[in-house]
Amino acid sequence: MRLGKYELGRILGEGNFGKVKYAKDVDSGQSFAVKILEKQRILQLDISEQIKREIGTLKLMKHPNVVRLYEVLASRTKIYMVLEYVTGGELFTKIESNGRLKESEGRKLFQQLIDAVSYCHDKGVYHRDLKPENVLLDANGNIKISDFGLSALPQHFREDGLLHTTCGSPNYVAPEVLANRGYKGATADLWSCGVILFVLLVGYLPFDDRNLAVLYHKIFKGDVHIPKWLSPGARNLIRQILNPNPKTRMTVAEIKDDDWFKQGYIPAVPEEEDDDIYIDELDAALEFANTDGHESTHHLTNAFQLIGMSSSLDLSGFFEKEDASERKIRFTSNYSEKDLLERIEDIVTEMGFRVQKKNGKLKVVQQHSDTSADSLSIAAEVFELNPSLYVVELRKSHGDADLYRKLCTKLSDHLGVCSSQQLVTTSA
Ligand code: ADE
């Protein structure tokens, strides 16, 4: 298949939003990866100007350790992100198959990671979902971070208390993000870098447990066992980055000044910046995709919103009609477990659902589900983080996605940590 000057080839990966395909520029023979987003799978949000700015920012990110976004193309039904082609696979895969790295090797990758992260932070872009799966390796074994750009998320979209709490693996997530206590993108990203450093040097996760409540506790307390066989310098650095208090957690500047970190450190030299020409280019893509008269600018806006995000941000539930990650939603609350279970019961009963209790879980089914389109069955579970903070997990077993979304929104509106607090705290 052809896409302008690109010839599309095999599938490289399949994310939540769509496929990533190999592409070759037929003129130059150069290889690219093209992320293909289906417009129709995207819901409506009216944030075009902000998103265009965000994509503009993403396209200005030119760092040797950040996957480049070269251009954005659009057809009637799809949006194409032309990305740098990275051939070394995921860092995660390497650790899984070869185990932990030598300290010197791990340090080199961690230096590249910090370099890339600090470059993006300096441009006001925060990842917020750093984990080995979106840390790729190039042919020379150097780090390439993909999917920087959750910052494209508009503020008002974060206020619902659901968006940044969808269930991905929480293993890499900073405690203050989990707790919805308010966080700065920079410190939250550094926590994830600390988790990645641990995985690089030790070969397994610092915080892990099959029981989610236990896992939350460990993260929340920064309860990490750092093996004694690591060098004192590495142990000291890990401990200071995996500090559950974001206010006293090590900063990028402090990491760069750390003795263990500094060994053999050669900062990368980012490419020169271009001017803002990309905004025009984006406008052009917008027009192109809008030519058939059926698709409103609105739809395209949504597509552009996605571009600023990524396939691995676990946000798909909010955009796709039906997606695995949408079935499970998590939010935090200050109500006690007993209060929460009672209030959930009251709210859902008021909404016309019937509640069954079993083993501390609530099962919610619709009372008058004559048609399958209307039927809904969900399970609710509450985990204690500390005596004044709880996590509520809602899981849909089956039923209508829109109805489920409404129910989730209502529950988190009534029971979630108050949104004004989130509003203050999520602004980086
Ligand atoms: N899979 C996802 N993104 C990729 C990229 N940029 N290069 C190669 N494979 C990928």
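For ligands, and for the atoms within them, numbers begin at 1 and follow the listed sequence. In this text, all values refer to a predicted model and were calculated from it rather than measured experimentally.
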At a 4.0 Å cut-off, with the gap strictly under it, does some heavy atom of A33 reach an atom of ligand 1? yes

Start with the C-alpha gap between E176 and R249, add the side-chain angles, then the distance that decides, and say whether salt bridge (charged side-chain N to carboxylate O under 4.0 Å, His left out) holds. CA-CA 12 Å; E176 68 273 18; R249 187 174 305 148; 2.9 Å; yes

E84 contact mode with ligand 1 (heavy-atom cut-off under 4.0 Å): backbone

Are any of the N/O atoms on V86, whether in the backbone or the side chain, positioned under 3.5 angstrom from an N/O atom of ligand 1? yes

Between D27 and K5, does any NZ, NE, NH1 or NH2 come within less than 4.0 Å of an OD or OE carboxylate oxygen? no

Candidate list Y172, W191, F220, test ring-ring contact (aromatic ring centres under 6.0 Å, His included), partner F207, passing option: W191

Electrostatic pair E271-R68, nearest N-O below 4.0 angstrom: yes

Suppose we measure from atom 1 (N) of ligand 1 to each protein heavy atom; which comes out shortest, and what is that distance? V20 CG1, 4.0 Å

Y85 neighbourhood, listing ligand 1 atoms whose heavy-atom distance to it stays under 4.0 Å: 7 (N), 8 (C)

Over 60° means perpendicular and under 30° means parallel, so classify the ring planes of Y6 and F32, tilted if in between. perpendicular

